[in-house]
Amino acid sequence: MDKEQKTITVQEIGEIIRRDFSRKYRRFASFPGSGKLWDSLMETAENGEMLSHYQFCNDVMGIPPARVHMRLWGEQLGQLSREEKQAMGAFWGFVFKEALGYTGQQSVSCVEGGLRTATRYTRLDRPPRIQWKEDKVWPSVPDKNSSCSI
C-alpha cells in the first residue's frame, strides 16, 4: 500500500530554512543573509514554481539543483569562491534532505559555473508535492492511476 504523498508549502520550506539551516550546518552559520548568493537561493526556495522545476530536474533528469541554480543564476552571481560553492551545496542538501525529506544522495560530474561535481538527491518513497498557491500544487510524481497523452 502506498503512503499518502506529503504536501509542503513554500512558506513552510522558508521557515524550516530560516529556523534550522545555521543550526544544522554550523560551518555555514554566517551564510544566511550574506548577499546575492543567499538571496538567490532563498528566492528560488520560496518560489514554488521554480523549486518544483529544480525538483523535476533532480528527480527526472538527474540534474543536481546546484547545477540548475548556476545555469539560471550564474551570470548574475559571477564567479563563486570555493566557500560559496560549498555553502550552496549545503543549502541544497538542506532543502532536499531536511525540508523535502529525501533520504539519499549521489555525487555526479558537473561542469557549470565553476562546479566540478554536484549532488543529486534520491529517496525510496514518494517525493512531496510543493504547494505555492492555495490552488497550485506541483505533483512531483504523477499518480499511477492518471494518464497523460501528448
Side-chain angles (χ1 to χ4, degrees), residues 1-21 24-25 28 31-32 36-80 82-150:
M1 179 185 241
D2 287 338
K3 291 182 184 178
E4 186 175 321
Q5 189 172 15
K6 177 184 172 184
T7 299
I8 187 166
T9 68
V10 291
Q11 292 82 10
E12 291 171 317
I13 292 169
E15 289 170 15
I16 292 167
I17 294 167
R18 280 187 281 284
R19 184 186 66 223
D20 299 333
F21 178 82
K24 177 82 175 177
Y25 291 96
F28 300 107
F31 185 48
K36 287 192 293 186
L37 177 58
W38 175 263
D39 294 344
S40 72
L41 292 164
M42 286 301 293
E43 185 175 326
T44 301
E46 292 182 312
N47 179 323
E49 191 168 6
M50 284 283 278
L51 187 57
S52 68
H53 291 304
Y54 279 54
Q55 186 181 33
F56 176 85
C57 287
N58 180 80
D59 296 356
V60 177
M61 305 298 292
I63 303 169
R67 181 177 183 185
V68 175
H69 200 76
M70 289 308 297
R71 174 62 65 142
L72 297 176
W73 289 90
E75 194 172 303
Q76 295 170 32
L77 296 172
Q79 186 65 35
L80 299 181
R82 181 175 186 243
E83 185 75 9
E84 288 173 318
K85 289 184 248 183
Q86 291 173 348
M88 178 173 54
F91 180 90
W92 287 119
F94 183 85
V95 169
F96 274 78
K97 291 163 91 177
E98 303 299 321
L100 299 178
Y102 284 64
T103 55
Q105 63 185 50
Q106 176 186 26
S107 182
V108 296
S109 178
C110 169
V111 180
E112 188 73 48
L115 300 175
R116 288 182 292 199
T117 61
T119 302
R120 65 177 293 268
Y121 301 94
T122 58
R123 61 184 291 130
L124 299 175
D125 55 354
R126 296 173 72 176
R129 299 180 311 160
I130 298 170
Q131 181 174 348
W132 65 92
K133 290 184 181 172
E134 231 175 90
D135 61 339
K136 301 275 188 199
V137 176
W138 174 256
S140 52
V141 176
D143 185 336
K144 63 183 169 189
N145 297 321
S146 67
S147 62
C148 177
S149 59
I150 298 175

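What you see is a predicted model; the values in this text were computed from it and never measured. By convention here, the first residue in the shown sequence is residue 1. Quick note: numbers below take in every heavy atom, side chains included, and nothing from hydrogens, waters or symmetry partners.
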Hey, could you give me the [atom1]/[atom2] distance between [X] and [Y], rounded to the nearest 0.5 Å?
X: T119; Y: Q106; atom1: OG1; atom2: CD; result: 9.0 Å
X: L41; Y: F94; atom1: CG; atom2: CZ; result: 13.0 Å
X: M61; Y: R67; atom1: CE; atom2: CZ; result: 10.0 Å
X: M88; Y: E84; atom1: CE; atom2: CD; result: 9.0 Å

Check salt bridge (Lys or Arg N to Asp or Glu O under 4.0 Å) between [X] and all other residues, then give those that pass, not counting sequence neighbours.
X: R120; value: none
X: E83; value: R27
X: D39; value: none
X: K36; value: none

Evaluate the side-chain proximity of [Y] to [X]: yes if any heavy-atom separation is below 4.5 Å, no if none is.
X: L77; Y: S40; answer: yes
X: L80; Y: M70; answer: yes
X: V10; Y: N47; answer: no

Residue pairs, two or more places apart or on separate chains, that pass salt bridge (charged side-chain N to carboxylate O under 4.0 Å, His left out) and touch residues 99-108: none
Residue pairs, two or more places apart or on separate chains, that pass salt bridge (charged side-chain N to carboxylate O under 4.0 Å, His left out) and touch residues 100-109: none
D20 vs E98, side-chain contact (heavy atoms from CB on, under 4.5 Å): CA-CA, chis, key distance, verdict: CA-CA 9 Å; D20 299 333; E98 303 299 321; over 6 Å; no
Ring pair (Phe, Tyr, Trp, His ring centres under 6.0 Å) with [X]: which residues, sequence neighbours excluded?
X: W73; answer: H69
X: F96; answer: Y102, Y121
X: Y25; answer: F21

For the student: nearest non-hydrogen atoms of T117 and S107, plus distance: CB-OG, 3.8 Å
Least distance between heavy atoms, A45 atom then L51 atom: O-CD2, 3.6 Å
Partner residues of C57 under the side-chain contact (heavy atoms from CB on, under 4.5 Å) criterion, sequence neighbours left out: I63, V68
side-chain contact (heavy atoms from CB on, under 4.5 Å) partners for A118, two or more places apart: P64, A66, C110
G114 backbone acceptor or donor facing K85 side chain under 3.5 Å: yes
Review item, side-chain donor-acceptor pairs of residues 12-19, under 3.5 Å, at least two apart:
{"unit_1": "E12", "atom_1": "OE1", "unit_2": "T9", "atom_2": "N", "d": "2.8"}
{"unit_1": "E12", "atom_1": "OE1", "unit_2": "T9", "atom_2": "OG1", "d": "3.3"}
{"unit_1": "R18", "atom_1": "NH1", "unit_2": "E46", "atom_2": "OE2", "d": "2.9"}
{"unit_1": "R18", "atom_1": "NH2", "unit_2": "E46", "atom_2": "OE2", "d": "2.8"}

